[in-house]
There are 4 protein chains.
Amino acid sequence: MAKPKSEEKRNAIMAAATRVIAAQGLGAPTATIAQEAGVANGTLFTYFETKADLINELYLELKTEMATTALDGLRESADLRKQAFHVWKRSMNWGMASPEKRRALCQLGVSDEITPATRSQAHQAMAPVAELMERIRADGPMRNAPMSFVVAIMESLSETTMDFMIREPGNADKHCKAGFDVFWRAVG
Amino acid sequence: MAKPKSEEKRNAIMAAATRVIAAQGLGAPTATIAQEAGVANGTLFTYFETKADLINELYLELKTEMATTALDGLRESADLRKQAFHVWKRSMNWGMASPEKRRALCQLGVSDEITPATRSQAHQAMAPVAELMERIRADGPMRNAPMSFVVAIMESLSETTMDFMIREPGNADKHCKAGFDVFWRAVG
Amino acid sequence: MAKPKSEEKRNAIMAAATRVIAAQGLGAPTATIAQEAGVANGTLFTYFETKADLINELYLELKTEMATTALDGLRESADLRKQAFHVWKRSMNWGMASPEKRRALCQLGVSDEITPATRSQAHQAMAPVAELMERIRADGPMRNAPMSFVVAIMESLSETTMDFMIREPGNADKHCKAGFDVFWRAVG
Amino acid sequence: MAKPKSEEKRNAIMAAATRVIAAQGLGAPTATIAQEAGVANGTLFTYFETKADLINELYLELKTEMATTALDGLRESADLRKQAFHVWKRSMNWGMASPEKRRALCQLGVSDEITPATRSQAHQAMAPVAELMERIRADGPMRNAPMSFVVAIMESLSETTMDFMIREPGNADKHCKAGFDVFWRAVG
DNA sequence: CATGAATGAGCGTTCATTCAT
DNA sequence: GATGAATGAACGCTCATTCAT
């Protein structure tokens with residue numbers, strides 16, 4: 001192995017893609033991403049065979065990072081509401097801390113380029129969250145709704161809340177709390 | 001703009017754009033839209049100066065149509081919950097009846113091409129709904145949250161619900177009701 | 001029809017392709033061909049969907065033109081040898097008069113891009129020549145060989161002869177005659 | 001060039017190039033050739049400065065191998081016709097035994113990448129064949145034609161014949177004989 | 001106004017060649 | 001010398017937009 005594919009360069013491309021896609025959407029040229037990453041045009045394609053591949057891997061990575069961050073430090077012994085709030089708060093914080101990742105993730109999520117396989121992997125990353133939802137749902141007003149519905153509601157409420165927190169960072173904490181209350185009233 | 005050359009042709013283009021964008025996303029070529037509309041390539045540009053213009057007008061028209069449909073037949077004297085359910089149900093029905101419009105609206109909503117001006121006009125179309133929300137919010141658990149937050153939550157919950165109704169048309173009514181209950185618990 | 005696809009422009013592209021391919025081979029950029037034809041880059045693709053299409057159509061056109069030229073004025077009542085020489089001579093003249101067409105045809109002929117369908121159409125254009133060969137073969141030393149072998153031999157001898165005529169235009173007539181004699185000795 | 005680093009590796013590349021070019025034409029990526037040869041991408045360029053160099057050397061090697069094979073075992077004392085048939089037959093056998101070499105040689109022969117210098121070296125490899133032709137020509141019907149013409153005719157007839165032998169291996173011997181008869185009638 | 005050919009900037013991707021390891 | 005990642009020019013093709021008819 002003469003020059004191993006550098007993890008560093010791969011990361012630079014991912015980070016550049018995040019920034020560029022956040023700013024310009026999925027139509028962003030691969031050339032721009034490469035430039036922003038400080039590598040040549042063609043180098044991007046030694047790390048990702050295809051633009052679609054890059055997009056899929058980025059989606060998965062961001063989603064996974066968000067899930068991991070949200071779950072970090074969760075005590076499963078705690079009260080369900082506390083656990084839910086832990087996840088909720090950490091999700092919000094992740095989005096607030098990396099608005100570009102958040103924005104990119106948003107754009108990626110609605111793209112047709114994301115394959116079912118990728119979506120399913122993303123689901124797996126969210127599995128512990130889904131399990132938590134499951135336990136919450138079981139005793140709450142949505143006990144008769146399908147779990148996927150509950151998860152979808154959680155996600156959409158959390159996206160909406162995050163938007164407001166970013167839009168008015170001064171009231172971020174307030175919105176965070178209010179959003180969670182909405183969620184808890186709906187599901188908990 | 002005010003007096004387009006042929007209302008009929010304009011409508012054909014709008015309808016074609018709805019179908020094509022629903023199917024292929026915003027990357028769809030204007031040529032495809034024109035063809036689907038049964039007009040020539042260049043004709044599209046006598047009705048819409050720019051692809052972005054078309055997209056903006058389509059967004060506004062769909063959003064407005066949805067709002068109008070949702071509000072149609074609303075009795076302002078009725079119980080708030082009943083009014084809310086009226087709006088909710090009619091929104092869902094609109095989406096179920098025109099899945100292409102729904103899907104197109106979704107794609108358009110997340111596009112960067114939609115200008116703030118267009119978004120603000122869309123808000124105006126939703127104004128009566130917003131007023132209803134306002135009255136609901138005033139006495140409910142969200143009385144201290146900004147109204148735009150309440151509206152955003154309503155929209156995101158309604159989109160999520162619609163997705164599930166379309167995905168499982170057999171349980172459409174059940175999901176419609178469940179979604180509304182979530183909303184009402186959250187805000188009402 | 002606002003602006004019909006101009007036969008003139010199509011011809012300009014074909015002619016340009018002939019020149020450019022003769023000079024640079026099949027690797028020639030479509031952009032160069034377009035430029036040489038005096039049209040825009042993209043215009044080429046309104047006349048030929050694909051570079052491969054252009055190549056196929058050019059091959060067919062050149063081959064057909066050569067066959068037509070070779071057969072023009074042929075008197076079927078004449079002595080077989082005379083007929084053969086008529087075809088032979090006119091083929092050579094066509095190549096001498098348009099060395100670029102000749103060279104392009106050569107390059108095209110060996111390309112993998114030429115589809116079987118195109119080759120078969122080209123064969124049809126050569127059908128009258130093949131019929132003549134058939135009659136010649138029937139009474140000659142190759143009466144037991146497959147006709148396609150005879151045709152192939154004629155073609156390869158005629159290509160070789162043409163090369164020499166172009167290389168030494170001063171002796172063109174002599175080479176033309178000598179080549180024909182070879183052919184006639186072989187087959188006639 | 002004189003003392004390549006590893007004769008073995010060089011041969012592997014040449015063999016790989018033969019196979020790959022036979023299959024995919026001259027457009028084949030050097031990377032593919034390297035892979036097929038079991039060496040790295042860049043290694044190819046320590047053995048051949050340039051893709052064009054590789055192509056030229058391969059052309060020369062194949063042509064030389066073919067000439068050598070054809071001449072092997074030739075008895076100069078024999079009857080001219082016998083000698084000619086010896087060469088003819090061995091040429092055909094070489095092509096039949098290594099269809100990939102044959103096919104590659106064909107593709108290489110028509111390439112613009114082959115330099116005049118290479119072509120002239122190839123001519124030298126064929127010199128003994130040319131001498132034989134010379135002696136045949138001197139007393140035959142082509143006694144007044146340039147020798148290069150005779151050689152060219154021999155080559156084109158032999159290529160045509162080989163094509164037919166490969167296409168119908170069942171009749172290979174018959175075609176081989178028929179082709180030679182054509183040649184002998186033409187020149188002998 | 002309607003048409004559709006013309007335009008050319010722009011895109012994703014390939015590939016011969018270079019060079020750090 | 002061998003490796004394979006890095007490079008960037010080049011290519012075929014697309015498409016929003018213009019304009020002659």
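Numbers restart at 1 for each chain; the letters A, B, ... are given by sequence-line order, proteins then strands.
Note on C:Ser6: every side-chain N or O is 4.0 Å or more away from OP1 and OP2 of E:dA5. For E:dC1, the OP1/OP2 oxygens have no side-chain nitrogen or oxygen of B:Thr43 closer than 4.0 Å.
Scanning DNA chain F for stems, defined as runs of 3 or more consecutive Watson-Crick or G-U wobble pairs whose donor-acceptor distances all fall under 3.5 Å, gives the following ranges: E:2-21 with F:2-21.
Distance CD (B:Gln35) to P (E:dA5): 12 Å, rounded to an integer number of Å. For the pair A:Leu54 CG and E:dC11 P, the interatomic distance rounds to 15 Å; values are reported in whole Å. In this structure, A:Glu8 places its CD atom 14 Å from C1' of F:dA5, rounding to the nearest Å. The nearest whole Å value for the distance from the CD1 atom in D:Ile13 to the P atom in E:dT17 is 14 Å. Atom-to-atom, CG of B:Asn41 to C1' of F:dT18 comes out at 11 Å; the value is rounded to the nearest Å. Atom CZ of B:Phe45 is separated from atom P of E:dT7 by 18 Å (rounded to the nearest Å). Across the protein-nucleic acid pair, C:Lys5 atom NZ and E:dG4 atom C1' stand 10 Å apart, rounded to whole Å. One interatomic measurement links the two molecules: CZ of D:Arg10 to P of F:dG1, which rounds to 15 Å at whole-angstrom precision.
For the residue pair D:Thr118/D:Thr115, the side-chain donor-acceptor check at 3.5 Å is satisfied.
In this structure the side chain of A:Tyr47 never reaches within 4.5 angstrom of the side chain of A:Glu57, judged on heavy atoms.
A:Arg103 has a carboxylate O that lies under 4.0 Å from a charged side-chain N of B:Asp112, or vice versa, which qualifies the two as a salt bridge. Using a cutoff of 4.0 Å between basic side-chain nitrogens and carboxylate oxygens, B:Glu61 and B:Arg10 are scored as salt-bridged.
Heavy-atom nearest nucleotides on DNA chain F were determined for D:Ala40 and for C:Glu49, and the one closer to the 5' end corresponds to D:Ala40. In this structure, C:Lys9 and A:Gly42 both approach DNA chain E, and ranking their closest nucleotides by distance from the 5' end singles out C:Lys9. Between B:Leu44 and D:Ala52, the residue whose closest nucleotide on DNA chain E is further toward the 5' end is B:Leu44.
Using a distance-only test at 3.5 Å, with no hydrogens or angles considered, a donor-acceptor pair links the side chain of A:Lys51 to the main chain of A:Leu26. Within the 3.5 Å criterion, the main-chain N or O of D:Ala28 finds no donor-acceptor partner in the side chain of D:Thr32.
For the atom pair CD1 of C:Ile13 and OG1 of C:Thr43, the computed distance is 7.0 Å after rounding to the nearest 0.5 Å. A distance of 6.5 Å separates CG in D:Leu108 from CD1 in D:Ile55, rounded to the nearest 0.5 Å.
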Would C:Phe45 and C:Thr30 count as a side chain to side chain contact (heavy atoms under 4.5 Å, CB included) if you check the C-alpha gap in whole Å, the side-chain angles of each, and the deciding distance to 0.1 Å?
CA-CA 9 Å; C:Phe45 293 94; C:Thr30 53; 4.0 Å; yes

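Contact check of residues 20-30 of chain B against DNA chain F (heavy atom, cut-off under 4.0 Å) returns B:Ala28, B:Pro29, B:Thr30.
Closest to the side chain of B:Tyr47, from the set F:dT17, F:dG12, E:dA2, is E:dA2. Comparing atom distances between the B:Lys51 side chain and each of F:dA16, E:dG12, E:dG4 picks out F:dA16 as nearest.
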